[in-house]
Amino acid sequence: MMEKTLTENVLEAVKTLYGKEADPSKIQVQETRKDFRGDLTVVVFPLLRYSGKLPEQTAEELGEYIRENNAQIGNYNVIKGFLNLEISNAAILDTFNKLIKHDPGFTSADHSNDYTTLVEYSSPNTNKPLHLGHIRNNLLGYSLARILSTCGHKVYKTNIVNDRGIHICKTMLAWKLYGKGSTPAETGVKGDHFVGDYYVRFEKEYRKEINELKSQGLSQEEAAERSSLMSQARELLRKWETGDKETVDLWKRMNEWVYEGFDTTYNALGVDFDKIYFESETYKPGREIVRKGLDDGVFYKKDDGSVWVDLSSDGLDEKLLLRADGTAVYMTQDLGTAVLRYKDYTFDHQYYVVGNEQDYHFQVLKIILGKLGYEWSEGIHHFSYGMVNLPEGKMKSREGKVVDADELINTMLSTAADMSGELGKLNDYTGEEKKSVYRKIGLGALKYFILKVDPRKNMMFNPAESIDFNGNTGPFIQYSYARIKSVMRKAADMGLVPADDTDGIELNAKERSLVNILRAFDTLIISAADELNPAIIANYVYELSKEFNQFYHDFSILGEENNMVRMFRLALTEYTGKVIGKAMWLLGIDMPERM
RNA sequence: GGUUCAGUAGCUCAGCUGGAUAGAGCAACGGCCUUCUAAGCCGUAGGUCGCAGGUUCGAAUCCUGCCUGAAUCACCA
């Protein structure tokens with residue numbers, strides 16, 4: 001707001017002083033850097049072409065003009081070609097008084113068009129438990145859903161479960177061969193891990209078999225062809241596709257075990273979905289869509305009967321859509337899912353939270369939907385994010401080099417419990433209350449750690465170093481919040497009510513910068529949505545918390561003698577708490593009242 | 001090989017629609033708890049912003065080339 005007014009001021013100034021129409025894009029208003037006096041800075045270099053004068057002189061003239069014509073600007077100073085403007089005390093107070101009239105995170109403007117928007121995230125396979133990569137995915141998706149909904153979208157969170165395919169059949173086979181009828185309930189193993197173990201078992205036995213065949217002089221390819229385990233797995237897939245009762249029953253049973261396990265993990269992570277889709281239900285509609293596309297001449301059939309689409313006019317390759325035997329591939333299912341979802345929701349936008357390894361796939365998906373004549377394909381977006389790497393390198397599920405989601409969450413929770421126990425600040429809490437706080441802190445640390453990095457970038461996860469509760473971390477922000485809550489409780493005990501309108505007091509530097517940071521929140525949410533980047537929120541809330549901690553350290557709130565100032569500081573404290581709380585909510589992080 | 005993305009302090013990351021002396025946290029070192037929560041605050045030390053050119057009054061930021069790493073170019077998902 002303030003920035004916009006200033007841009008107009010500069011435009012006027014250039015016109016009045018130099019008689020020229022300035023190009024608005026040449027006017028740069030930015031926040032004044034910390035080590036200079038002022039709140040906002042106009043960079044005058046680009047304006048020299050209008051003034052024909054030296055930078056300092058131009059800045060002086062503009063500064064003088066702005067001070068006279070904009071009541072919100074108090075003082076200014078010029079350093080080289082930078083015009084640093086100080087917002088007047090009254091204007092800061094006025095901004096703050098307006099700010100606290102409504103809760104933070106109220107984003108009006110053109111972004112609140114009541115779009116119907118789908119956010120798909122998680123997308124697990126049912127043959128293994130969730131790992132760290134899924135955690136990043138889930139956290140990004142959940143946060144994106146909250147950011148978009150705050151921007152006025154009607155958001156539905158969806159999940160697509162890959163519950164069919166050869167990998168599931170391998171798992172079923174291993175269980176049949178080696179499971180001896182055991183179950184998660186009976187063994188006490190969490191369902192998804194139970195099933196995952198059989199997937200690992202299959203891979204192990206399969207490798208063993210291959211090695212045996214190779215030792216008999218067969219090549220890798222020949223061994224793979226001769227593998228009895230693999231052919232049994234394929235046989236199961238064939239049976240599943242033809243609806244063989246025994247196979248389908250087992251498939252259902254094992255998937256149920258997995259879903260129970262997933263539910264526990266989702267619950268522990270604190271994410272949820274409005275609707276879950278299953279690929280076993282979308283691959284058939286997908287196949288129909290491909291067949292129809294074939295009839296309409298959008299696709300073509302090769303001699304072997306497989307169906308393809310030619311994307312060379314889009315600068316891409318040919319892409320397979322249906323195998324020669326008529327079975328579905330990944331793209332087939334995704335076409336089916338997309339169309340099904342549009343039928344269900346008539347969405348304006350759909351965001352797929354999927355790793356950047358699938359950039360190409362989603363590019364193709366969107367183009368194909370467009371070719372099929374679905375106008376809504378324009379609203380399809382791939383929220384592409386980078387991989388999570390470990391100090392040892394890439395995560396590899398086949399080699400067991402993964403960070404298991406359940407294990408990680410549990411480590412975070414117990415570390416939080418240990419640390420809280422040592423500090424002993426919650427000794428009067430009941431066991432349940434303590435547990436709830438530990439959970440918030442442990443998960444807060446994990447979520448913040450992952451969300452604070454730019455989603456597009458690959459990130460490094462060092463299990464030992466990542467469990468930190470000091471510095472730029474979730475618990476640091478939660479701690480700032482808990483302090484605020486503590487102050488507010490004390491204030492209530494003292495019968496103090498925060499000022500709802502403050503006038504005529506002189507603000508100190510910390511108060512000024514806090515208000516400046518607070519007023520930036522709403523536009524920040526919009527840019528986080530535009531750029532699909534929760535990290536923007538994370539970095540912001542850290543900066544705000546840090547600033548508040550300095551303010552808290554340097555000045556007394558409740559002990560302030562001037563009552564007007566005290567009530568203002570209380571209001572500032574309260575509102576800061578609201579912004580911190582809302583920002584963390586946007587990240588999907590719960591906040592403790594005490595810690 | 002083609003395409004895309006990345007390379008900033010010992011480590012993990014900000015900054016990138018061009019602007020002031022490149023910022024945080026961790027790790028290291030040194031201070032601050034009779035005062036609203038020390039999971040905090042303050043300070044010291046630490047950087048050829050991968051390399052080389054170019055555009056510009058001004059480049060970590062834009063362009064070109066090169067080096068390094070990742071992803072992808074599957075009848076896997």
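Just so we're on the same page: letters track the sequence lines, and every chain starts at 1.
- The pair A/D454-A/R456 counts as a salt bridge, with a side-chain nitrogen and a carboxylate oxygen less than 4.0 angstrom apart.
- Two residues, A/Q550 and A/F45, neighbour RNA chain B, and the one matched to the more 5' nucleotide by heavy-atom proximity is A/F45.
- Put simply, the side chain of A/Q478 gets close to the backbone of A/D590: a donor and an acceptor are under 3.5 Å apart.
- Within the 6.0 Å centre-distance limit, the rings of A/Y259 and A/F278 are counted as a close aromatic pair.
- A donor-acceptor contact shorter than 3.5 Å is absent between the side chain of A/N516 and the backbone of A/D39.
- Residue A/Y552 is in base contact, counting any heavy-atom pair closer than 4.0 Å across all strands shown.
- Looking at heavy-atom distances under 4.0 Å, A/Q28 makes contact with a base.
- Distances shorter than 4.0 Å separate none of the side-chain N or O atoms of A/K546 from OP1 or OP2 on B/rA39.
- At the heavy-atom level, A/T573 lies nowhere under 4.0 Å from the strands shown.
- When the side-chain nitrogen and oxygen atoms of A/Y479 are compared with OP1 and OP2 of B/rA39, one or more of them lie within a distance under 4.0 Å.
- Within 4.0 Å of A/Q358, counting heavy atoms only, lies at least one base atom of the nucleic acid.
- Out of B/rA39, B/rC36, B/rC73, the shortest distance to the side chain of A/D317 is found at B/rC73.
- A stacked arrangement is assigned to A/F82 and the six-membered base ring of B/rA20, with a centre-to-centre distance below 5.5 Å and an interplanar angle below 30°.
- Remark: the A/N470 side chain and the B/rC26 base include no donor-acceptor N/O pair separated by less than 3.5 Å.
- An OP1 or OP2 oxygen of B/rA38 is reached within less than 4.0 angstrom by a side-chain nitrogen or oxygen of A/R483.
- The base of B/rA20 sits within donor-acceptor range of the side chain of A/T41, with an N or O pair under 3.5 Å.
- Within 4.0 Å (heavy atoms only), A/R594 reaches at least one base atom of the nucleic acid.
- Atom C1' of B/rA71 sits at a distance of 29 Å from the matching atom of B/rA24, rounded to the whole Å.
- Phosphate contact (OP1/OP2 of B/rG23, side-chain N/O of A/R33, threshold under 4.0 Å): present.
- A/S420 comes within contact range of at least one nucleobase, with a heavy-atom separation under 4.0 Å.
- The pair A/R238-A/D325 does not count as a salt bridge, with every side-chain nitrogen at least 4.0 angstrom from each carboxylate oxygen.
- Cation-pi geometry between A/R136 and A/Y385 is not satisfied (NZ or CZ under 6.0 Å from the ring centre, within 45° of the ring normal).
- Residue-level contact check: A/P46 touches the bases, meaning some heavy atom is under 4.0 Å from a base atom.
- Among the protein residues, A/M459 comes within range of the sugar-phosphate backbone only, with heavy atoms under 4.0 Å from sugar or phosphate atoms but none that close to a base.
- Picking from B/rU37, B/rA14, B/rC75 the nucleotide with the shortest atom distance to the side chain of A/R323 gives B/rC75.
- Among the protein residues, A/F469 comes within range of the nucleic acid bases, having at least one heavy atom under 4.0 Å from a base atom.
- Across all strands shown, A/D468 has heavy atoms under 4.0 Å from sugar-phosphate atoms exclusively, and none from any base.
- Contact annotation for A/L316: no contact, since no heavy-atom pair falls under 4.0 Å across all strands.
- Heavy-atom distances to RNA chain B give each of A/V329 and A/K425 a nearest nucleotide, and the one nearer the 5′ end belongs to A/K425.
- The base of B/rA20 is paired with the side chain of A/N84 by a donor and an acceptor separated by under 3.5 Å.
- Distance from the side chain of A/I79 is smallest for B/rA20 among the nucleotides B/rA39, B/rA20, B/rC75.
- Contact annotation for A/N125: backbone-only contact, meaning every heavy-atom pair under 4.0 Å involves sugar-phosphate atoms and none involves a base.
- Counting any heavy atom pair closer than 4.0 Å across all strands shown, A/N462 reaches no nucleic acid atom.
- Between A/Y121 and A/F383, a ring centre-to-centre spacing not shorter than 6.0 Å is recorded.
- Between the C1' atoms of B/rC26 and B/rA45, the separation comes to 15 Å (whole Å).
- Between the CZ atom of A/F383 and the P atom of B/rC5 there is a distance of 17 Å, rounded to whole Å.
- Among the protein residues, A/K457 comes within range of the nucleic acid bases, having at least one heavy atom under 4.0 Å from a base atom.
- Here B/rC33 is in the syn range [glycosidic angle within 90° of 0].
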